[in-house]
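Here, residue 1 is the first one in the sequence, and each next residue gets the next number. The structure displayed is predicted, hence computed values, not measured ones.
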Amino acid sequence: KVLAELFEGVESETPYGGRAVSWEPLGSAWLKMGARRRREKIEPSGARAIETATAETRSDPRLTTGRVLRFGGGDWRIVSGETVGGRAILNLERIR
């Protein structure tokens, strides 16, 4: 199992009219990691390789799409998830 920190991005406007994102800590969660996979993602700027993984943990309302789990030296965005019998199955995407 891996202990991960949970963060939520909070947007604010800069004095010059730009946007800034700060990461607010929301707590932590123990994750049972599944297999990691690499795949190609097509974006308007072109194709890029991304890393995906699944993780299982206790159901927690804070584990929502768009939030970030930080563990093992990397940040993983929660792409989707479902709750089955008190367990949350999360689909994660590595942020580069």
Side-chain angles (χ1 to χ4, degrees):
K1 290 195 175 188
V2 174
L3 182 60
E5 296 176 81
L6 178 64
F7 294 89
E8 179 176 34
V10 178
E11 274 194 28
S12 60
E13 190 170 326
T14 66
Y16 303 103
R19 305 299 270 163
V21 177
S22 61
W23 296 96
E24 300 291 325
L26 298 176
S28 58
W30 284 101
L31 304 175
K32 179 181 174 186
M33 296 300 298
R36 291 182 183 187
R37 300 171 300 285
R38 288 194 179 272
R39 65 182 178 89
E40 196 169 275
K41 186 173 185 176
I42 306 298
E43 295 182 339
S45 60
R48 66 181 177 114
I50 60 167
E51 192 172 2
T52 61
T54 56
E56 183 180 337
T57 187
R58 286 185 183 174
S59 179
D60 186 330
R62 298 174 300 169
L63 297 170
T64 59
T65 301
R67 290 189 173 160
V68 170
L69 290 163
R70 182 175 292 159
F71 60 92
D75 291 347
W76 294 78
R77 184 176 315 281
I78 300 172
V79 178
S80 64
E82 63 179 324
T83 302
V84 178
R87 306 297 293 170
I89 310 298
L90 306 173
N91 294 307
L92 308 175
E93 184 175 284
R94 175 110 179 196
I95 300 167
R96 301 236 178 225

For this session: Walk me through it: do T64 and E8 pass the test side chain to side chain contact (heavy atoms under 4.5 Å, CB included)?
Result: CA-CA 9 Å; T64 59; E8 179 176 34; over 6 Å; no
Exercise. E24 and R67: salt bridge (charged side-chain N to carboxylate O under 4.0 Å, His left out), yes or no, with the steps?
Worked result: CA-CA 10 Å; E24 300 291 325; R67 290 189 173 160; over 6 Å; no
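In this structure, CG on L92 lies 11.0 Å from CZ on R77, to the nearest 0.5 angstrom. Interatomic distance, OG of S12 versus CZ of R19, reported as 7.0 Å (0.5 Å rounding). Here the straight-line distance linking atom CG of L31 with atom CG of L63 works out to 8.0 Å at 0.5 Å rounding. Going from atom CD1 of I78 over to atom CD of E93 covers 12.0 Å, rounded to the nearest 0.5 Å. Separating the CE atom in M33 from the OG1 atom in T54 is a distance of 7.0 Å, to the nearest 0.5 Å. Rounded to the nearest 0.5 Å, atoms CG (L90) and CH2 (W76) are 12.5 Å apart.
R37 contributes a side-chain N or O that, together with a main-chain N or O of A35, makes up a donor-acceptor pair within less than 3.5 Å. A distance-only check finds a donor-acceptor pair linking the side chain of R62 to the backbone of L26 [under 3.5 Å].
Atom CZ of R58 has 12 or fewer neighbouring heavy atoms from other residues, nucleotides or ligands inside a 6.0 Å radius.
No side-chain heavy atom of R94 sits under 4.5 Å from any side-chain heavy atom of I50.
No path of Ile, Leu, Val, Met, Phe, Trp and Tyr side chains, each step under 4.5 Å between heavy atoms, connects V10 with V68, placing them in separate hydrophobic clusters.
Among all heavy-atom pairs drawn from A4 and F71, the shortest one is CB-CD2, 3.7 Å.
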